[in-house]
**Student:** 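Sending over a structure as structure tokens; questions will come in a sec.
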Amino acid sequence: MQRDKRSLTAWPKRLPAAVEPPATSLWDNLAVNARRYPDRTALAFLGGNISYQQLKQTSERLAGRLHALGVRRGDRVLVVMQNCPQLVIAHFAIARANAVVVPVNPMNRAEELRHYITDAQAKVAITTADLAGELAAASNGIESGSHLEHLILSHFADVFSEDEQLAIPQGWRDWLTARHPSPNLASRQRRPMA
């Protein structure tokens, strides 16, 4: 590959002009850490801790669910979440399923979300329950073309034990422990494949 010499003149001297891709995948790195340090904290979130072994097991379960929903190598899966443990779990699960993460800003509204669904041709999205209604509205508003077939939801409190829920700061407790209803994706008539 030939580089445009003009682009290298502005390149910072302290950074290499080429990057060597890693020899191991993100999933392999998690698996190694889960084997070496199964009980060490991988994620800490508002006083709750998830060990490397728990992170690996939870990610594998979600990857299995993705596979059961028909997600295959190279398929795109939307991830629409705030920064929370479920976001990390979703990324590892999608990597384990050999699919592609399509990260979406959780501040987007239905009109913007429609573009992500159709552009990525995503059939599955993973989100937190507080954002699920907007994502379902986006998919249900697509007249023709790609739409979501499955929506995987999580509540923030799903990663907290009862004791950890009590330790959540009062200002955050109502938001993080709220239970939101699951929205419905509009069913569409499926045509048989020719």
Side-chain angles (χ1 to χ4, degrees), residues 1-46 48-109 111-128 131 135 138-139 145-152 154 159:
M1 181 171 103
Q2 200 167 28
R3 296 175 196 258
D4 181 359
K5 291 185 187 223
R6 289 175 296 155
S7 66
L8 291 179
T9 59
W11 193 257
K13 291 185 185 331
R14 69 184 187 286
L15 298 177
V19 177
E20 183 76 24
T24 59
S25 71
L26 187 62
W27 179 260
D28 290 335
N29 293 336
L30 175 61
V32 166
N33 282 330
R35 212 172 30 255
R36 286 184 183 165
Y37 316 110
D39 299 323
R40 281 197 189 166
T41 299
L43 300 173
F45 183 67
L46 294 173
N49 294 312
I50 296 175
S51 71
Y52 280 105
Q53 187 63 33
Q54 290 169 321
L55 177 58
K56 180 180 177 275
Q57 289 172 344
T58 305
S59 299
E60 282 181 325
R61 281 195 303 273
L62 181 53
R65 181 70 182 137
L66 291 170
H67 185 77
L69 293 175
V71 173
R72 298 296 181 262
R73 176 184 286 277
D75 287 349
R76 288 154 182 81
V77 179
L78 294 184
V79 178
V80 186
M81 293 184 182
Q82 305 286 349
N83 289 336
C84 61
Q86 291 94 323
L87 177 69
V88 177
I89 292 165
H91 277 256
F92 276 114
I94 294 166
R96 180 67 170 145
N98 291 317
V100 178
V101 175
V102 180
V104 178
N105 183 337
M107 301 295 285
N108 285 340
R109 306 308 297 172
E111 299 79 31
E112 298 160 310
L113 292 169
R114 273 189 216 109
H115 168 73
Y116 286 100
I117 295 167
T118 57
D119 188 54
Q121 298 178 346
K123 301 294 181 200
V124 177
I126 303 173
T127 188
T128 48
L131 302 173
L135 197 51
S139 182
S146 294
H147 61 276
L148 294 175
E149 295 175 6
H150 304 284
L151 201 51
I152 299 174
S154 178
V159 296

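Basis for what follows: all heavy atoms, side chains included, without hydrogens, waters or symmetry-related copies. In this text, all values refer to a predicted model and were calculated from it rather than measured experimentally.
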**Student:** For the CD atom of Glu60 and the CG atom of Leu55, what is their distance to the nearest 0.5 Å?
**Tutor:** 10.0 Å
**Student:** Is any side-chain heavy atom of Ile117 closer than 4.5 Å to a side-chain heavy atom of Leu135?
**Tutor:** yes
**Student:** Assess whether atom CG of Asn83 is packed by more than 12 heavy atoms of other residues, nucleotides or ligands within 6.0 Å.
**Tutor:** no
**Student:** In this structure, are over 12 heavy atoms from other groups packed under 6.0 Å from Arg73 atom CZ?
**Tutor:** no
**Student:** Hey, are the side chains of Arg96 and Ser59 touching, using non-hydrogen atoms and a 4.5 Å cut-off?
**Tutor:** no
**Student:** Between atom CG of Leu151 and atom NZ of Lys123, what is the distance when rounded to the nearest 0.5 Å?
**Tutor:** 14.0 Å
**Student:** For Met107 and Glu112, which heavy atoms make the closest approach, and how far apart are they?
**Tutor:** O-OE1, 4.4 Å
**Student:** Using every non-hydrogen atom in the two residues, find where Ala138 and Arg114 come nearest and quote the distance to one decimal.
**Tutor:** O-CG, 3.1 Å
**Student:** Among Leu43, Val88, Thr41, find the residue that satisfies the side chain to side chain contact (heavy atoms under 4.5 Å, CB included) test when tested with Ile50.
**Tutor:** Leu43
**Student:** Applying ring-ring contact (aromatic ring centres under 6.0 Å, His included), can you list everything that pairs with Tyr116, at least two apart in sequence or on another chain?
**Tutor:** none
**Student:** Got a donor-acceptor contact below 3.5 angstrom from the Arg36 side chain to the Ala34 backbone?
**Tutor:** no
**Student:** Rounded to the nearest 0.5 Å, how far does CG of Leu62 lie from CD of Gln57?
**Tutor:** 14.0 Å
**Student:** Does the side chain of Ile152 come within less than 4.5 Å of Leu69's, by heavy atoms?
**Tutor:** yes
**Student:** Could you check if a side-chain atom of Asp75 sits within less than 4.5 angstrom of a side-chain atom of Leu66, using non-hydrogen atoms only?
**Tutor:** no
**Student:** Between Phe92 and Trp27, which heavy-atom pair has the shortest distance, and what is it?
**Tutor:** O-CE3, 3.7 Å
**Student:** Got Ile94 and Val100 here, is their nearest side-chain heavy-atom distance under 4.5 Å?
**Tutor:** no
**Student:** Keeping Ser154 on the side-chain end and Gln86 on the backbone end, is there a donor-acceptor pair under 3.5 Å?
**Tutor:** no
**Student:** What is the minimum heavy-atom distance between Met81 and Ile126, and which atoms define it?
**Tutor:** CE-CG2, 3.3 Å
**Student:** Would Asp39 and Ser51 count as a side-chain hydrogen bond (donor to acceptor under 3.5 Å, both in side chains) here? Give the steps.
**Tutor:** CA-CA 5 Å; Asp39 299 323; Ser51 71; 5.2 Å; no
**Student:** Hey, does Asn108 have a side-chain heavy atom less than 4.5 Å from the side chain of Val80?
**Tutor:** no
**Student:** To the nearest 0.5 Å, what is the distance between CG (Asn33) and CD (Gln53)?
**Tutor:** 11.0 Å
**Student:** Taking all heavy atoms of Gln54 and all of Asn49, pick out the closest pair and write down the distance.
**Tutor:** OE1-O, 3.9 Å
**Student:** So do the side chains of His67 and Arg72 get within less than 4.5 Å of each other, counting heavy atoms only?
**Tutor:** yes
**Student:** Kindly give the heavy-atom pair with the smallest separation between Thr118 and Ser146, and that separation in Å.
**Tutor:** CG2-O, 3.6 Å
**Student:** Should the pair Tyr52 and Tyr37 be assigned to parallel (<30°), tilted (30 to 60°) or perpendicular (>60°) ring geometry?
**Tutor:** tilted
